[in-house]
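Note on naming: letters A, B, ... go to the chains in the order of the sequence lines (proteins, then strands), and numbering restarts at 1 for each one.
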Protein chains: 2
Amino acid sequence: MKNVIETVGRRERKKLETRFALRRAALRLVAENGLDRVTVADIADAADVSVRTFFNHFPCKEDALVGADLHRLQKLRAALTEQPSDRGPIAALRAVIIELAAKLSDYREDLIAEMRVVQANPALRAREMSEFAQYERELVAEVARRSGTDPARDLYPLLTARVAVSAFRAALTLWCTIENPPELSNLVGEAFDLLAQGLPPPRSA
Amino acid sequence: MKNVIETVGRRERKKLETRFALRRAALRLVAENGLDRVTVADIADAADVSVRTFFNHFPCKEDALVGADLHRLQKLRAALTEQPSDRGPIAALRAVIIELAAKLSDYREDLIAEMRVVQANPALRAREMSEFAQYERELVAEVARRSGTDPARDLYPLLTARVAVSAFRAALTLWCTIENPPELSNLVGEAFDLLAQGLPPPRSA
DNA sequence: CTGCATTTTTGCACTCTCTGCAGTGATCCA
DNA sequence: TGGATCACTGCAGAGAGTGCAAAAATGCAG
(Lines give C-alpha, C1' and ligand atoms only; values in the text may rest on other atoms or scores of the structure.)
Protein backbone atom coordinates (compact mmCIF):
# COMPACT_ATOMS: atom_id res chain seq x y z
CA MET A 1 0.00 0.00 0.00
CA LYS A 2 1.71 3.16 -1.16
CA ASN A 3 -0.70 5.98 -0.52
CA VAL A 4 -4.37 6.71 -0.24
CA ILE A 5 -4.49 9.30 -2.99
CA GLU A 6 -5.29 8.02 -6.45
CA THR A 7 -1.86 7.00 -7.64
CA VAL A 8 -2.56 4.74 -10.57
CA GLY A 9 0.57 3.30 -11.99
CA ARG A 10 0.48 1.12 -15.02
CA ARG A 11 0.36 -1.96 -12.82
CA GLU A 12 -2.81 -1.02 -10.98
CA ARG A 13 -4.36 0.28 -14.14
CA LYS A 14 -3.77 -2.98 -15.94
CA LYS A 15 -5.12 -4.94 -13.03
CA LEU A 16 -8.31 -2.90 -13.07
CA GLU A 17 -8.48 -3.32 -16.82
CA THR A 18 -8.37 -7.09 -16.64
CA ARG A 19 -10.90 -7.00 -13.83
CA PHE A 20 -13.32 -4.92 -15.86
CA ALA A 21 -12.66 -6.95 -18.98
CA LEU A 22 -13.61 -10.06 -17.03
CA ARG A 23 -16.72 -8.41 -15.63
CA ARG A 24 -17.82 -7.13 -19.02
CA ALA A 25 -17.19 -10.46 -20.68
CA ALA A 26 -19.08 -12.26 -17.95
CA LEU A 27 -22.10 -9.96 -18.20
CA ARG A 28 -22.19 -10.18 -21.96
CA LEU A 29 -21.82 -13.93 -22.17
CA VAL A 30 -24.35 -14.62 -19.44
CA ALA A 31 -26.82 -12.18 -20.93
CA GLU A 32 -26.52 -14.03 -24.23
CA ASN A 33 -26.40 -17.64 -23.04
CA GLY A 34 -27.60 -17.88 -19.46
CA LEU A 35 -25.53 -18.46 -16.36
CA ASP A 36 -25.08 -22.21 -16.51
CA ARG A 37 -24.22 -22.31 -20.18
CA VAL A 38 -21.21 -20.10 -19.60
CA THR A 39 -18.10 -21.55 -18.00
CA VAL A 40 -15.37 -19.65 -16.28
CA ALA A 41 -13.12 -20.80 -19.09
CA ASP A 42 -15.40 -19.06 -21.58
CA ILE A 43 -15.23 -15.84 -19.61
CA ALA A 44 -11.48 -16.01 -19.21
CA ASP A 45 -11.05 -16.68 -22.93
CA ALA A 46 -13.29 -13.79 -23.86
CA ALA A 47 -11.23 -11.51 -21.63
CA ASP A 48 -8.04 -13.09 -22.98
CA VAL A 49 -6.60 -14.19 -19.66
CA SER A 50 -6.10 -17.56 -18.02
CA VAL A 51 -8.76 -19.25 -15.92
CA ARG A 52 -6.49 -18.96 -12.93
CA THR A 53 -6.39 -15.21 -13.37
CA PHE A 54 -10.16 -15.11 -13.25
CA PHE A 55 -10.05 -16.69 -9.83
CA ASN A 56 -7.41 -14.23 -8.74
CA HIS A 57 -9.97 -11.48 -9.25
CA PHE A 58 -13.22 -13.20 -8.26
CA PRO A 59 -13.78 -16.00 -5.78
CA CYS A 60 -16.52 -17.46 -7.92
CA LYS A 61 -18.32 -17.02 -11.19
CA GLU A 62 -21.27 -15.23 -9.66
CA ASP A 63 -19.14 -12.56 -8.03
CA ALA A 64 -17.95 -11.41 -11.42
CA LEU A 65 -21.56 -10.50 -12.17
CA VAL A 66 -22.91 -9.10 -8.91
CA GLY A 67 -19.86 -8.18 -6.92
CA ALA A 68 -20.81 -6.68 -3.58
CA ASP A 69 -19.32 -3.24 -3.55
CA LEU A 70 -17.81 -3.02 -0.09
CA HIS A 71 -16.69 0.51 -0.72
CA ARG A 72 -20.19 1.76 -1.41
CA LEU A 73 -21.44 -0.11 1.62
CA GLN A 74 -19.13 1.75 3.97
CA LYS A 75 -19.88 5.07 2.36
CA LEU A 76 -23.60 4.58 2.93
CA ARG A 77 -23.06 3.85 6.58
CA ALA A 78 -20.79 6.85 6.94
CA ALA A 79 -23.34 9.08 5.23
CA LEU A 80 -26.00 7.94 7.65
CA THR A 81 -23.80 8.56 10.66
CA GLU A 82 -23.02 12.05 9.41
CA GLN A 83 -26.65 13.07 9.16
CA PRO A 84 -27.60 15.88 11.56
CA SER A 85 -28.23 14.31 14.92
CA ASP A 86 -31.55 16.06 15.39
CA ARG A 87 -33.01 14.06 12.54
CA GLY A 88 -35.00 10.99 13.47
CA PRO A 89 -34.01 7.61 12.03
CA ILE A 90 -36.55 7.69 9.24
CA ALA A 91 -35.71 11.22 8.17
CA ALA A 92 -32.00 10.40 8.19
CA LEU A 93 -32.52 7.20 6.22
CA ARG A 94 -34.67 9.02 3.73
CA ALA A 95 -32.03 11.65 3.20
CA VAL A 96 -29.10 9.30 2.62
CA ILE A 97 -31.07 6.96 0.41
CA ILE A 98 -32.31 9.80 -1.74
CA GLU A 99 -28.72 10.97 -1.95
CA LEU A 100 -27.68 7.49 -3.09
CA ALA A 101 -30.52 7.42 -5.61
CA ALA A 102 -29.34 10.68 -7.11
CA LYS A 103 -25.90 9.18 -7.71
CA LEU A 104 -27.38 6.20 -9.50
CA SER A 105 -29.41 8.30 -11.90
CA ASP A 106 -26.72 8.30 -14.56
CA TYR A 107 -26.35 4.56 -14.71
CA ARG A 108 -29.88 3.50 -15.57
CA GLU A 109 -28.86 1.57 -18.69
CA ASP A 110 -26.16 -0.41 -16.88
CA LEU A 111 -28.47 -1.12 -13.99
CA ILE A 112 -31.16 -2.38 -16.32
CA ALA A 113 -28.70 -4.69 -18.06
CA GLU A 114 -27.47 -6.06 -14.77
CA MET A 115 -31.02 -6.39 -13.46
CA ARG A 116 -32.01 -8.42 -16.52
CA VAL A 117 -29.17 -10.83 -16.02
CA VAL A 118 -29.87 -11.11 -12.31
CA GLN A 119 -33.60 -11.62 -12.75
CA ALA A 120 -33.00 -14.36 -15.28
CA ASN A 121 -30.75 -16.39 -13.00
CA PRO A 122 -31.99 -17.48 -9.58
CA ALA A 123 -28.47 -18.08 -8.32
CA LEU A 124 -27.65 -14.45 -8.98
CA ARG A 125 -30.87 -13.29 -7.35
CA ALA A 126 -29.79 -15.01 -4.17
CA ARG A 127 -26.51 -13.19 -4.28
CA GLU A 128 -28.10 -9.84 -4.88
CA MET A 129 -30.51 -10.41 -2.03
CA SER A 130 -27.69 -11.07 0.37
CA GLU A 131 -26.01 -7.95 -0.85
CA PHE A 132 -29.05 -5.93 0.14
CA ALA A 133 -29.09 -7.77 3.44
CA GLN A 134 -25.62 -6.39 4.04
CA TYR A 135 -26.99 -2.91 3.55
CA GLU A 136 -29.65 -3.61 6.13
CA ARG A 137 -27.07 -4.83 8.61
CA GLU A 138 -24.99 -1.74 8.09
CA LEU A 139 -27.93 0.47 8.89
CA VAL A 140 -29.35 -1.28 11.94
CA ALA A 141 -26.82 -0.01 14.45
CA GLU A 142 -27.22 3.61 13.46
CA VAL A 143 -31.01 3.38 13.50
CA ALA A 144 -30.77 1.93 16.98
CA ARG A 145 -28.52 4.76 18.09
CA ARG A 146 -30.81 7.44 16.73
CA SER A 147 -33.92 5.92 18.24
CA GLY A 148 -32.40 4.93 21.55
CA THR A 149 -33.42 1.32 21.06
CA ASP A 150 -31.57 -1.97 21.36
CA PRO A 151 -31.43 -4.21 18.26
CA ALA A 152 -31.22 -7.24 20.52
CA ARG A 153 -34.39 -6.39 22.39
CA ASP A 154 -36.51 -4.10 20.25
CA LEU A 155 -38.24 -4.65 16.98
CA TYR A 156 -37.77 -1.08 15.88
CA PRO A 157 -34.23 -0.84 14.47
CA LEU A 158 -34.27 -4.09 12.51
CA LEU A 159 -37.72 -3.42 11.14
CA THR A 160 -36.96 0.16 10.21
CA ALA A 161 -33.67 -0.62 8.48
CA ARG A 162 -35.26 -3.39 6.47
CA VAL A 163 -38.24 -1.34 5.53
CA ALA A 164 -36.03 1.51 4.38
CA VAL A 165 -34.04 -0.82 2.15
CA SER A 166 -37.32 -2.25 0.88
CA ALA A 167 -38.42 1.23 -0.06
CA PHE A 168 -35.21 1.78 -1.98
CA ARG A 169 -35.44 -1.54 -3.75
CA ALA A 170 -39.07 -1.10 -4.70
CA ALA A 171 -38.30 2.32 -6.14
CA LEU A 172 -35.25 0.99 -7.98
CA THR A 173 -37.17 -1.92 -9.45
CA LEU A 174 -39.94 0.29 -10.72
CA TRP A 175 -37.47 2.83 -12.06
CA CYS A 176 -35.71 0.15 -14.09
CA THR A 177 -38.95 -1.41 -15.27
CA ILE A 178 -41.20 1.33 -16.57
CA GLU A 179 -40.54 3.51 -19.55
CA ASN A 180 -39.94 7.21 -19.10
CA PRO A 181 -39.70 6.92 -15.34
CA PRO A 182 -39.57 9.95 -13.08
CA GLU A 183 -36.37 10.73 -11.23
CA LEU A 184 -35.27 7.82 -9.06
CA SER A 185 -34.96 10.21 -6.11
CA ASN A 186 -38.58 11.15 -6.51
CA LEU A 187 -39.68 7.54 -6.55
CA VAL A 188 -37.74 6.92 -3.39
CA GLY A 189 -39.36 9.95 -1.82
CA GLU A 190 -42.74 8.63 -2.86
CA ALA A 191 -42.00 5.29 -1.22
CA PHE A 192 -41.01 6.97 2.03
CA ASP A 193 -44.17 9.06 1.92
CA LEU A 194 -46.24 5.90 1.63
CA LEU A 195 -44.39 4.44 4.58
CA ALA A 196 -44.94 7.54 6.68
CA GLN A 197 -48.66 7.19 6.09
CA GLY A 198 -48.65 3.55 7.14
CA LEU A 199 -49.08 2.24 3.59
CA PRO A 200 -52.68 3.28 3.14
CA PRO A 201 -54.27 1.49 0.18
CA PRO A 202 -54.63 4.07 -2.58
CA ARG A 203 -58.25 4.90 -3.27
CA SER A 204 -59.14 4.41 -6.89
CA ALA A 205 -60.52 7.41 -8.66
CA MET B 1 -49.56 -38.60 -8.98
CA LYS B 2 -51.96 -40.85 -7.21
CA ASN B 3 -54.14 -38.67 -5.06
CA VAL B 4 -54.06 -35.50 -3.10
CA ILE B 5 -55.03 -37.04 0.21
CA GLU B 6 -52.20 -38.18 2.44
CA THR B 7 -51.62 -41.68 1.17
CA VAL B 8 -48.23 -42.63 2.50
CA GLY B 9 -47.12 -46.04 1.40
CA ARG B 10 -43.90 -47.55 2.59
CA ARG B 11 -42.12 -46.24 -0.46
CA GLU B 12 -42.97 -42.61 0.08
CA ARG B 13 -42.36 -42.96 3.78
CA LYS B 14 -38.89 -44.31 3.19
CA LYS B 15 -38.16 -41.59 0.72
CA LEU B 16 -39.15 -38.94 3.21
CA GLU B 17 -37.08 -40.69 5.83
CA THR B 18 -33.91 -40.56 3.78
CA ARG B 19 -34.66 -36.96 2.91
CA PHE B 20 -34.98 -36.00 6.53
CA ALA B 21 -31.98 -38.08 7.48
CA LEU B 22 -29.95 -36.17 4.92
CA ARG B 23 -31.28 -32.86 6.13
CA ARG B 24 -30.61 -33.67 9.77
CA ALA B 25 -27.13 -34.94 9.03
CA ALA B 26 -26.37 -31.86 6.97
CA LEU B 27 -27.57 -29.48 9.66
CA ARG B 28 -25.66 -31.28 12.39
CA LEU B 29 -22.41 -31.56 10.47
CA VAL B 30 -22.48 -27.98 9.27
CA ALA B 31 -23.34 -26.70 12.73
CA GLU B 32 -20.33 -28.56 14.08
CA ASN B 33 -17.78 -27.90 11.35
CA GLY B 34 -18.92 -25.04 9.13
CA LEU B 35 -20.29 -25.23 5.62
CA ASP B 36 -17.09 -25.55 3.64
CA ARG B 37 -15.53 -28.14 5.91
CA VAL B 38 -18.39 -30.52 5.21
CA THR B 39 -18.56 -32.33 1.89
CA VAL B 40 -21.59 -33.90 0.34
CA ALA B 41 -19.84 -37.21 0.80
CA ASP B 42 -19.71 -36.57 4.55
CA ILE B 43 -23.41 -35.85 4.66
CA ALA B 44 -24.32 -38.87 2.58
CA ASP B 45 -22.15 -41.09 4.77
CA ALA B 46 -23.71 -39.73 7.94
CA ALA B 47 -27.16 -40.45 6.53
CA ASP B 48 -25.94 -43.82 5.27
CA VAL B 49 -26.83 -43.35 1.63
CA SER B 50 -24.78 -42.84 -1.51
CA VAL B 51 -23.64 -39.46 -2.72
CA ARG B 52 -25.77 -39.95 -5.80
CA THR B 53 -28.83 -40.34 -3.61
CA PHE B 54 -28.09 -37.03 -1.96
CA PHE B 55 -28.27 -35.33 -5.32
CA ASN B 56 -31.48 -37.14 -6.11
CA HIS B 57 -33.04 -35.27 -3.20
CA PHE B 58 -31.28 -31.94 -3.31
CA PRO B 59 -29.84 -30.10 -6.29
CA CYS B 60 -26.99 -28.78 -4.20
CA LYS B 61 -25.47 -28.89 -0.76
CA GLU B 62 -27.05 -25.65 0.38
CA ASP B 63 -30.56 -26.77 -0.47
CA ALA B 64 -30.30 -29.57 2.06
CA LEU B 65 -29.96 -26.88 4.73
CA VAL B 66 -32.36 -24.16 3.64
CA GLY B 67 -34.70 -25.88 1.25
CA ALA B 68 -37.34 -23.52 -0.07
CA ASP B 69 -40.62 -25.06 0.93
CA LEU B 70 -42.69 -24.68 -2.20
CA HIS B 71 -45.68 -26.20 -0.50
CA ARG B 72 -45.73 -23.57 2.24
CA LEU B 73 -45.24 -20.89 -0.35
CA GLN B 74 -48.37 -21.82 -2.23
CA LYS B 75 -50.35 -22.18 0.97
CA LEU B 76 -49.45 -18.67 2.01
CA ARG B 77 -50.58 -17.28 -1.28
CA ALA B 78 -53.82 -19.24 -1.09
CA ALA B 79 -54.45 -18.04 2.43
CA LEU B 80 -54.03 -14.46 1.31
CA THR B 81 -56.39 -14.91 -1.60
CA GLU B 82 -59.00 -16.42 0.68
CA GLN B 83 -59.03 -13.48 3.04
CA PRO B 84 -62.36 -11.62 3.12
CA SER B 85 -62.43 -9.32 0.16
CA ASP B 86 -63.45 -6.31 2.19
CA ARG B 87 -60.11 -6.35 3.97
CA GLY B 88 -57.49 -3.99 2.65
CA PRO B 89 -54.10 -5.35 1.58
CA ILE B 90 -52.37 -4.55 4.84
CA ALA B 91 -55.11 -6.03 7.00
CA ALA B 92 -55.16 -9.18 4.89
CA LEU B 93 -51.39 -9.51 4.96
CA ARG B 94 -51.38 -8.99 8.69
CA ALA B 95 -53.96 -11.70 9.19
CA VAL B 96 -52.26 -14.40 7.12
CA ILE B 97 -48.81 -13.65 8.46
CA ILE B 98 -50.04 -13.82 12.04
CA GLU B 99 -51.68 -17.10 11.13
CA LEU B 100 -48.35 -18.34 9.76
CA ALA B 101 -46.58 -17.15 12.87
CA ALA B 102 -48.95 -19.12 15.07
CA LYS B 103 -48.07 -22.30 13.20
CA LEU B 104 -44.36 -21.71 13.70
CA SER B 105 -44.68 -21.28 17.44
CA ASP B 106 -43.98 -24.92 18.20
CA TYR B 107 -40.75 -25.10 16.25
CA ARG B 108 -38.74 -22.40 17.97
CA GLU B 109 -35.84 -24.70 18.83
CA ASP B 110 -35.50 -26.01 15.28
CA LEU B 111 -35.73 -22.53 13.86
CA ILE B 112 -33.04 -21.28 16.19
CA ALA B 113 -30.73 -24.12 15.19
CA GLU B 114 -31.31 -23.44 11.54
CA MET B 115 -30.88 -19.72 12.04
CA ARG B 116 -27.53 -20.23 13.74
CA VAL B 117 -26.27 -22.30 10.85
CA VAL B 118 -27.57 -19.83 8.29
CA GLN B 119 -26.14 -16.80 10.08
CA ALA B 120 -22.75 -18.44 10.29
CA ASN B 121 -22.50 -19.13 6.56
CA PRO B 122 -22.85 -16.30 4.04
CA ALA B 123 -23.65 -18.68 1.22
CA LEU B 124 -26.66 -19.90 3.15
CA ARG B 125 -27.75 -16.38 4.00
CA ALA B 126 -27.93 -15.64 0.31
CA ARG B 127 -30.16 -18.64 -0.22
CA GLU B 128 -32.45 -17.75 2.64
CA MET B 129 -32.78 -14.23 1.34
CA SER B 130 -33.87 -15.44 -2.04
CA GLU B 131 -36.37 -17.70 -0.33
CA PHE B 132 -37.95 -14.68 1.32
CA ALA B 133 -37.86 -12.92 -2.01
CA GLN B 134 -40.03 -15.71 -3.35
CA TYR B 135 -42.54 -14.97 -0.64
CA GLU B 136 -42.57 -11.35 -1.68
CA ARG B 137 -43.18 -12.28 -5.28
CA GLU B 138 -46.04 -14.54 -4.32
CA LEU B 139 -47.73 -11.72 -2.45
CA VAL B 140 -47.31 -8.89 -4.92
CA ALA B 141 -50.09 -9.90 -7.29
CA GLU B 142 -52.68 -10.27 -4.57
CA VAL B 143 -51.74 -6.95 -2.98
CA ALA B 144 -52.13 -5.34 -6.37
CA ARG B 145 -55.56 -6.90 -6.81
CA ARG B 146 -56.77 -5.77 -3.43
CA SER B 147 -55.51 -2.24 -3.87
CA GLY B 148 -56.49 -1.86 -7.51
CA THR B 149 -52.92 -0.98 -8.47
CA ASP B 150 -50.59 -2.25 -11.17
CA PRO B 151 -47.28 -3.79 -10.09
CA ALA B 152 -45.73 -2.67 -13.35
CA ARG B 153 -46.66 0.97 -12.85
CA ASP B 154 -47.24 1.60 -9.16
CA LEU B 155 -44.91 1.51 -6.24
CA TYR B 156 -47.58 0.34 -3.84
CA PRO B 157 -47.86 -3.44 -4.33
CA LEU B 158 -44.15 -4.18 -4.49
CA LEU B 159 -43.41 -1.92 -1.58
CA THR B 160 -46.22 -3.27 0.56
CA ALA B 161 -45.43 -6.92 -0.06
CA ARG B 162 -41.80 -6.37 0.75
CA VAL B 163 -42.52 -4.40 3.82
CA ALA B 164 -44.91 -7.06 5.08
CA VAL B 165 -42.27 -9.74 4.67
CA SER B 166 -39.80 -7.44 6.39
CA ALA B 167 -42.17 -7.19 9.33
CA PHE B 168 -42.39 -10.95 9.54
CA ARG B 169 -38.66 -11.42 9.29
CA ALA B 170 -37.88 -8.78 11.88
CA ALA B 171 -40.33 -10.38 14.30
CA LEU B 172 -38.96 -13.84 13.59
CA THR B 173 -35.38 -12.73 14.10
CA LEU B 174 -36.15 -11.09 17.40
CA TRP B 175 -38.22 -14.05 18.54
CA CYS B 176 -35.35 -16.42 17.89
CA THR B 177 -32.80 -14.10 19.46
CA ILE B 178 -34.11 -12.96 22.81
CA GLU B 179 -34.76 -15.17 25.80
CA ASN B 180 -38.29 -15.68 27.04
CA PRO B 181 -39.81 -14.02 24.01
CA PRO B 182 -43.50 -13.17 23.78
CA GLU B 183 -45.67 -15.08 21.35
CA LEU B 184 -44.38 -14.78 17.79
CA SER B 185 -47.85 -13.73 16.67
CA ASN B 186 -47.75 -10.84 19.10
CA LEU B 187 -44.39 -9.69 17.83
CA VAL B 188 -45.70 -9.77 14.28
CA GLY B 189 -48.71 -7.76 15.40
CA GLU B 190 -46.40 -5.27 17.05
CA ALA B 191 -44.41 -4.91 13.85
CA PHE B 192 -47.54 -4.24 11.82
CA ASP B 193 -48.67 -1.69 14.40
CA LEU B 194 -45.38 0.15 13.99
CA LEU B 195 -45.84 0.10 10.24
CA ALA B 196 -49.37 1.42 10.48
CA GLN B 197 -48.05 4.38 12.43
CA GLY B 198 -45.37 5.10 9.85
CA LEU B 199 -42.52 3.78 12.01
CA PRO B 200 -42.50 6.62 14.53
CA PRO B 201 -39.28 6.64 16.53
CA PRO B 202 -40.19 5.37 20.00
CA ARG B 203 -39.94 8.08 22.61
CA SER B 204 -37.60 7.08 25.39
CA ALA B 205 -39.08 7.16 28.86
C1' DC C 1 20.10 1.44 -18.65
C1' DT C 2 20.66 -2.13 -15.08
C1' DG C 3 19.69 -4.96 -11.42
C1' DC C 4 16.48 -6.04 -7.70
C1' DA C 5 11.99 -6.27 -5.38
C1' DT C 6 7.16 -6.54 -5.93
C1' DT C 7 3.07 -8.02 -8.04
C1' DT C 8 0.32 -10.08 -11.58
C1' DT C 9 -0.37 -13.77 -14.36
C1' DT C 10 0.07 -18.48 -15.50
C1' DG C 11 0.16 -23.70 -15.60
C1' DC C 12 -0.44 -27.78 -13.01
C1' DA C 13 -2.22 -30.96 -9.84
C1' DC C 14 -5.80 -31.74 -6.91
C1' DT C 15 -10.43 -31.81 -4.39
C1' DC C 16 -15.18 -31.18 -4.54
C1' DT C 17 -19.71 -30.32 -6.78
C1' DC C 18 -23.12 -31.85 -9.77
C1' DT C 19 -25.16 -34.50 -13.94
C1' DG C 20 -26.37 -38.38 -17.16
C1' DC C 21 -26.76 -43.09 -17.68
C1' DA C 22 -27.49 -47.80 -16.84
C1' DG C 23 -28.42 -51.30 -13.64
C1' DT C 24 -30.37 -53.42 -9.31
C1' DG C 25 -33.56 -54.22 -5.92
C1' DA C 26 -37.62 -52.93 -3.23
C1' DT C 27 -42.40 -51.58 -3.49
C1' DC C 28 -46.85 -51.28 -5.56
C1' DC C 29 -50.77 -52.91 -7.95
C1' DA C 30 -53.56 -55.78 -10.95
C1' DT D 1 -47.62 -63.85 -8.54
C1' DG D 2 -45.78 -61.18 -12.16
C1' DG D 3 -45.05 -56.97 -14.37
C1' DA D 4 -44.51 -51.93 -13.78
C1' DT D 5 -42.73 -48.32 -11.14
C1' DC D 6 -39.64 -45.96 -8.37
C1' DA D 7 -35.78 -45.11 -5.17
C1' DC D 8 -31.20 -46.07 -4.78
C1' DT D 9 -26.53 -47.02 -6.47
C1' DG D 10 -21.99 -46.81 -8.97
C1' DC D 11 -19.44 -44.85 -12.56
C1' DA D 12 -17.68 -41.73 -15.88
C1' DG D 13 -17.06 -37.05 -16.77
C1' DA D 14 -17.46 -31.86 -16.91
C1' DG D 15 -17.05 -27.81 -14.30
C1' DA D 16 -15.87 -24.99 -9.99
C1' DG D 17 -12.45 -23.53 -7.03
C1' DT D 18 -7.64 -23.71 -4.38
C1' DG D 19 -2.56 -24.09 -3.38
C1' DC D 20 1.84 -23.84 -5.14
C1' DA D 21 5.74 -22.53 -7.67
C1' DA D 22 7.47 -20.60 -11.84
C1' DA D 23 7.32 -16.99 -15.36
C1' DA D 24 6.32 -12.40 -16.95
C1' DA D 25 5.46 -7.57 -16.18
C1' DT D 26 6.08 -3.57 -13.59
C1' DG D 27 8.14 -0.20 -10.25
C1' DC D 28 12.11 1.74 -8.37
C1' DA D 29 16.83 2.95 -6.92
C1' DG D 30 21.35 3.62 -8.35
Side-chain angles (χ1 to χ4, degrees), chain A residues 1-26 29-30 33-68 121-124 126-127, chain B residues 1-26 29-30 33-68 121-124 126-127:
Chain A
M1 172 108 26
K2 201 131 119 287
N3 56 24
V4 191
I5 322 274
E6 305 268 316
T7 298
V8 205
R10 176 175 295 132
R11 191 174 270 173
E12 281 181 71
R13 212 169 51 236
K14 283 207 164 189
K15 183 174 184 178
L16 280 183
E17 258 173 44
T18 58
R19 186 188 176 87
F20 280 128
L22 281 168
R23 192 179 165 77
R24 257 198 310 272
L29 288 174
V30 172
N33 306 15
L35 182 63
D36 39 2
R37 302 196 54 184
V38 175
T39 70
V40 173
D42 295 335
I43 300 171
D45 277 355
D48 200 32
V49 295
S50 76
V51 172
R52 194 62 186 83
T53 296
F54 176 94
F55 286 109
N56 285 341
H57 284 275
F58 304 101
C60 67
K61 189 169 44 166
E62 288 78 12
D63 274 342
L65 298 158
V66 291
N121 299 283
L124 296 182
R127 235 146 231 283
Chain B
M1 171 112 22
K2 209 142 98 290
N3 56 23
V4 190
I5 321 276
E6 306 267 317
T7 299
V8 206
R10 175 173 294 131
R11 189 177 275 172
E12 281 181 71
R13 213 169 49 236
K14 283 202 164 189
K15 183 176 182 178
L16 281 183
E17 259 174 43
T18 57
R19 186 186 175 88
F20 280 127
L22 281 169
R23 191 178 165 77
R24 258 198 310 271
L29 288 174
V30 172
N33 305 12
L35 182 63
D36 39 2
R37 302 196 54 183
V38 174
T39 70
V40 172
D42 295 335
I43 299 172
D45 278 355
D48 199 32
V49 294
S50 77
V51 172
R52 195 62 187 83
T53 295
F54 176 94
F55 285 109
N56 285 340
H57 284 275
F58 304 101
C60 68
K61 189 168 47 165
E62 289 77 13
D63 274 341
L65 299 158
V66 291
N121 298 283
L124 296 182
R127 236 145 232 284

Check: Hey, is the side chain of B:Thr18 poking within less than 4.0 Å of OP1 or OP2 on D:dC8, counting only N and O atoms?
Finding: yes
Item checked: Under 3.5 Å donor-acceptor pair, B:Arg52 side-chain atoms to D:dT9 base atoms -> no
Next item on the list: For the side chain of A:Lys14, starting at C-beta, report the closest nucleotide among D:dC8, D:dA25, C:dT10.
Entry: D:dA25
Checklist line | Residue A:Ser50, side-chain atoms from C-beta onward, closest of D:dG10, C:dT10, C:dC18 | finding: C:dT10
Check: Considering only heavy atoms from C-beta outward, does the side chain of A:Phe55 approach that of A:Val40 to under 4.5 Å?
Finding: yes
Check: Considering only side-chain heavy atoms of B:Asn56, which listed nucleotide, C:dT17, C:dT27, D:dT9, is closest?
Finding: D:dT9
Check: In whole angstrom, what separates B:Arg37's CZ from D:dG17's P?
Finding: 20 Å
Check: Between C:dT17, C:dC28, D:dG17, which one does the side chain of A:Glu62 approach most closely?
Finding: D:dG17
Margin query: From NZ of B:Lys61 over to P of D:dG17, roughly how many Å is that when rounded to an integer?
Written below: 12 Å
Notebook entry, point to check: Which is true for B:Thr53 with a 4.0 Å heavy-atom rule: it touches a base, it touches only sugar-phosphate, or it touches nothing?
Noted result: base
Checklist line | Nearest-Å distance for atom pair CD/P, residues B:Glu12 and D:dC6 | finding: 10 Å
Notebook entry, point to check: What is the distance from CZ of B:Phe58 to P of C:dT19, rounded to the nearest Å?
Noted result: 14 Å
Next item on the list: Would you mind telling me which of A:Arg127, A:Arg23, A:His57 makes a side chain to side chain donor-acceptor pair (under 3.5 Å) with A:Asp63?
Entry: A:Arg127
Check: When the distance from CZ of A:Phe54 to P of D:dT18 is rounded to whole Å, what number comes out?
Finding: 11 Å
Margin query: With a 4.5 Å cut-off on side-chain heavy atoms, are A:Leu35 and A:Lys61 touching?
Written below: yes
Next item on the list: May I ask you to decide whether B:Asp42 forms a salt bridge with B:Arg37, counting only side-chain N to carboxylate O separations under 4.0 Å?
Entry: no
Checklist line | Side chain of A:Cys60 - closest among C:dC18, D:dG17, C:dT8 | finding: D:dG17
Next item on the list: Please report the closest heavy-atom contact between A:Val49 and A:Leu22, naming both atoms and the distance.
Entry: CG2-CD2, 3.9 Å
Notebook entry, point to check: So does B:His57 get a side-chain nitrogen or oxygen closer than 4.0 Å to the phosphate oxygens (OP1/OP2) of D:dA7?
Noted result: no
Next item on the list: Look at the side chain of A:Arg10 and decide which nucleotide, out of C:dA26, C:dT10, D:dT26, has an atom nearest to it.
Entry: D:dT26
Notebook entry, point to check: Can you tell me how far P of C:dT15 sits from CG of B:Asp42, to the nearest Å?
Noted result: 14 Å
Check: Counting side-chain heavy atoms from CB outward, which of D:dA16, D:dA7, C:dT17 is closest to A:Phe55?
Finding: D:dA16
Notebook entry, point to check: Rounded to the Å, how far apart are B:Asp45 CG and D:dC8 P?
Noted result: 16 Å
Note to self: Mind checking if B:Val51 touches a base, just sugar-phosphate, or nothing, with heavy atoms under 4.0 Å?
What the structure shows: nothing
Check: Just how far, in rounded Å, is C1' of C:dT27 from CZ of B:Arg13?
Finding: 11 Å
